[in-house]
Amino acid sequence: MKYAAAIDIGGTNTRIAIVSQDYSITQRIQFPTDANNPYATMDRIVEVLSSYGHAFSGIGLSCPGPLDLKSQKILTPPNLHGEWHHLEIAHLLQQKTNVPVYLDNDANLAGYAEAIIGEGKDMNIVQFFTISTGFGAGLVINREIVHGSHGFANEVANTIVMPDGPSHGDIVPGGIEAVCSGTAIETRARKAGLDVHHAGEVNDLALAGNEHASKIMLDAKVCLANYLAGVQAYIDPDIIILGGSVAMKINGFVEEVEAMVKDKVYPVTRPFVNIRKSTLGEDGGLLGAACLCFEKEHYTCKHARNGVH
């Protein structure tokens, strides 16, 4: 049985797991990311990997974007600072561990896991969105992540869905992350004077009849549905999978958005609107990192046997 090390570096926490080739997580640990010092985090990663009993053939590495995937380095993620920016992280980690390291962004890898072992398994075109602290996306076609010409495909957070709409951080006014993400829902509710701590509480107030909360939740659903209807028309995917806390924890959210999307597309395409909730949950990024590792190894071995270099 082969094993891969899967690493998911986030702005708050770093998670490390050993994943078998049948995609069982055999060991797992989480610790706080040092968002200002990548070398401290790298040293902790190496320490954890050294403590695991399993030998592993490669490392799949999930990091927040934007990334330079050609150079396998981090660019300017908003929740990592200082020397994290423009860090050649895959090269650094490979030097420290002496095993191959494969890097991709967190949403791409969560979508990849859905296409390989999740709700999109055995489907040709799988579109994934994560709706949580931020709003991320990944598109997988025929088991290949679509990166685009420059590696920035599916960096969709700034897509404007509400002209002159709200903004936060580096998101442009009306960007989908500033309207539909969990952070956006909570921020808009607080600005309206509501005492809430996460999007689920905003939804609870909406269900209880609070007008401000109802408007905020309706904006999020309608803007998301408008965007997904465009995706459906443009890509014609086999499935659209929604993950992240907003999609996973708010009862009925995915189903209501799917119904809205069906009202916004051509009647002949309605039977093909297939929007589902992720079944991989918080492990999507880790499993996607393992998928990347195993698929890259398979590709390398196959081409070596065929004499391709």
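By convention here, the first residue in the shown sequence is residue 1. All of these numbers come straight from a predicted model, not from anything done at the bench.
Each of I145, I125, V231, N108 was checked for a side chain to side chain contact (heavy atoms under 4.5 Å, CB included) with L139, and the lone residue meeting it is I125. With H147 as the fixed residue, the side chain to side chain contact (heavy atoms under 4.5 Å, CB included) test singles out one of N105, L67, N154, L69: L69.
For N251, the CG atom is loosely surrounded, since the number of other residues' heavy atoms within 6.0 Å does not exceed 12. Within a 6.0 Å radius of NE2 in H86, more than 12 heavy atoms belonging to other residues, nucleotides or ligands are found. More than 12 heavy atoms of other residues, nucleotides or ligands lie within 6.0 Å of NE2 in H81, so this atom counts as buried by the packing criterion. Within a 6.0 Å radius of CD in Q21, other residues, nucleotides and ligands contribute more than 12 heavy atoms. Counting non-hydrogen atoms of neighbouring residues, nucleotides and ligands closer than 6.0 angstrom, the NE2 atom of H168 exceeds 12 such neighbours. Counting non-hydrogen atoms of other residues, nucleotides and ligands closer than 6.0 Å to CD of E47 gives a total above 12. Within a 6.0 Å sphere centred on CG of N13, heavy atoms belonging to other residues, nucleotides or ligands number more than 12.
By the 4.5 Å heavy-atom criterion applied to side chains, K96 and L49 are not counted as neighbours. Considering only heavy atoms from C-beta on, R28 comes within 4.5 Å of R15 through its side chain. Looking at heavy atoms from C-beta onward, Y112 lies out of side-chain contact with D104 at the 4.5 angstrom threshold. I25 has its side chain within reach of L287: a pair of non-hydrogen atoms, C-beta onward, lies under 4.5 Å apart. With contacts defined as side-chain heavy-atom distances shorter than 4.5 Å, the pair F31/T41 qualifies. No side-chain heavy atom of V126 sits less than 4.5 Å from a side-chain heavy atom of P237. R188 has its side chain out of reach of V202: every pair of non-hydrogen atoms, C-beta onward, lies at least 4.5 Å apart. A heavy-atom distance below 4.5 Å is not found between the side chains of V140 and V146.
Taken to the nearest 0.5 Å, the CD atom of Q94 stands 11.5 Å off from the CG atom of L103. Separating the CD atom in Q27 from the OG atom in S51 is a distance of 7.5 Å, to the nearest 0.5 Å. Within the model, atoms CG of L92 and CG of L87 stand 6.0 Å from one another, a figure rounded to the nearest 0.5 Å. Considering CG of N124 and CG of N142, their distance stands at 5.0 Å, rounded to 0.5 Å. The CD atom of Q127 lies 11.5 Å from the CD1 atom of I239; values are rounded to the nearest 0.5 Å. Note that CD1 of I9 and CD1 of I89 are 3.5 Å apart. Values are rounded to the nearest 0.5 Å.
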Before giving the answer on salt bridge (Lys or Arg N to Asp or Glu O under 4.0 Å), spell out for D34 and R44 the whole-Å C-alpha distance, their side-chain angles and the decisive distance to 0.1 Å. CA-CA 10 Å; D34 188 328; R44 181 74 174 115; over 6 Å; no
Can you check side chain to side chain contact (heavy atoms under 4.5 Å, CB included) on Y52 and T26, steps first, answer last? CA-CA 10 Å; Y52 283 154; T26 63; over 6 Å; no
Derivation and outcome, side chain to side chain contact (heavy atoms under 4.5 Å, CB included), residues F135 and V179: CA-CA 10 Å; F135 191 99; V179 179; over 6 Å; no
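Under the salt bridge (Lys or Arg N to Asp or Glu O under 4.0 Å) criterion, E256 pairs with K221, not counting sequence neighbours. Taking the side chain to side chain contact (heavy atoms under 4.5 Å, CB included) definition, one finds that Y266 meets it with V268, T269, sequence neighbours left out.
V196 is connected to I250 through a chain of hydrophobic side-chain contacts under 4.5 Å among Ile, Leu, Val, Met, Phe, Trp and Tyr, so both are in one cluster. Follow the hydrophobic side-chain contacts under 4.5 Å out from F294 and you never reach V101; the two are in separate clusters. Hydrophobic clustering, with ILVMFWY side chains joined whenever heavy atoms are under 4.5 angstrom apart, keeps L218 apart from I131. Residues M1 and I59 are members of one and the same hydrophobic cluster, defined by side-chain heavy-atom contacts under 4.5 angstrom among Ile, Leu, Val, Met, Phe, Trp and Tyr.
Smallest separation of non-hydrogen atoms from G285 and L109: O-CB, 4.2 Å. Residues A153 and G148 share a closest heavy-atom pair of CB-N, 3.5 Å. The minimum heavy-atom distance linking Y102 with C293 is given by the pair CD1-CA, 3.8 Å.
In this structure, F129 and Y227 have perpendicular ring planes: the angle between them is above 60°, well past the 30° mark.
The backbone N or O of L80 sits less than 3.5 Å from a side-chain atom of H85, completing a donor-acceptor pair. A donor-acceptor distance shorter than 3.5 angstrom exists from the side chain of T33 to the backbone of T14, with no hydrogens or angles considered. With S24 contributing its side chain and S20 its backbone, the two residues share no donor-acceptor pair below 3.5 Å.
A salt bridge between E119 and K277 is absent, with no side-chain N of the basic residue lying under 4.0 Å from a carboxylate O of the acidic one. Taking 4.0 Å as the cut-off between side-chain N and carboxylate O, R190 and E186 count as a salt-bridged pair.
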